[in-house]
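A quick write-up on the structure given underneath.
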Amino acid sequence: MANIKSQIKRIKTNEKARLRNKSVRSSIKSAVRKFRDTVTAGDASAITTELRSASKALDVAVAKGVLHKNAAANKKSSMAKAAAKAGAR
């Protein structure tokens with residue numbers, strides 16, 4: 001454990017940020033997984049809504065600094081491609 005007061009504070013702050021980031025990453029994974037399950041089911045309207053919600057979750061993660069914007073763009077692109085292949089508009 002650190003002896004320096006500012007470092008003790010930094011450790012607490014980092015732990016809070018780590019937990020917040022973990023939560024956001026988990027919600028992203030859940031949204032993407034839900035989208036993939038919907039694509040395998042094949043319901044076009046559900047695919048569109050799940051794509052929208054997963055894209056929103058990715059955008060929130062980028063805004064919070066949890067995910068890099070290019071990583072989110074790549075994920076959104078691949079999901080859009082999968083949705084188009086499944087027949088959703």
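- The side-chain heavy atoms of His68 and Val62, taken from C-beta on, include no pair separated by under 4.5 Å.
- Separation of atoms OG (Ser27) and NZ (Lys34) is listed at 12.0 Å; rounding is to 0.5 Å.
- We find the OG-CZ distance between Ser55 and Phe35 to be 8.0 Å, quoted to the nearest 0.5 Å.
- More than 12 heavy atoms of other residues, nucleotides or ligands shown are found within 6.0 angstrom of CG on Leu19.
- Judged by distance alone, with hydrogens and angles left aside, the side-chain atoms of Ser77 form no donor-acceptor pair with the main-chain N or O of Ala73 at under 3.5 Å.
- Arg10 and Asn14 share a side-chain donor-acceptor pair at under 3.5 Å.
- Closest non-hydrogen pair, Ala86 versus Val39, comes out as CB-CG1, 4.1 Å.
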Practice problem: Go through the steps to decide whether Glu15 and Lys12 satisfy the test salt bridge (charged side-chain N to carboxylate O under 4.0 Å, His left out), and finish with yes or no. | Solution: CA-CA 5 Å; Glu15 183 62 17; Lys12 288 179 185 176; over 6 Å; no
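- The minimum heavy-atom distance linking Ala72 with Leu58 is given by the pair O-CD1, 4.1 Å.
- Expressed to the nearest 0.5 Å, how far CD1 of Ile47 lies from CG of Asp37 amounts to 11.5 Å.
- Considering every non-hydrogen atom in both Ala54 and Val32, the closest pair reads CB-N, 4.4 Å.
- Atom CD1 in Ile8 sits 7.0 Å away from atom CG in Asn3 (nearest 0.5 Å).
- If you take CD on Glu50 and CZ on Arg33, they are separated by 12.5 Å, rounding to the nearest 0.5 Å.
- The same ILVMFWY cluster, assembled from side-chain heavy atoms under 4.5 Å apart, contains both Val24 and Met79.
- Nearest heavy atom pair, residue Ala31 against residue Ala57, reads CB-CB, 4.2 Å.
- Within the 4.5 Å cutoff, side-chain heavy atoms of Asp59 are placed close to those of Lys76.
- A donor-acceptor pair under 3.5 Å is absent between the side-chain atoms of Ser26 and the main chain of Lys22, judged by distance alone.
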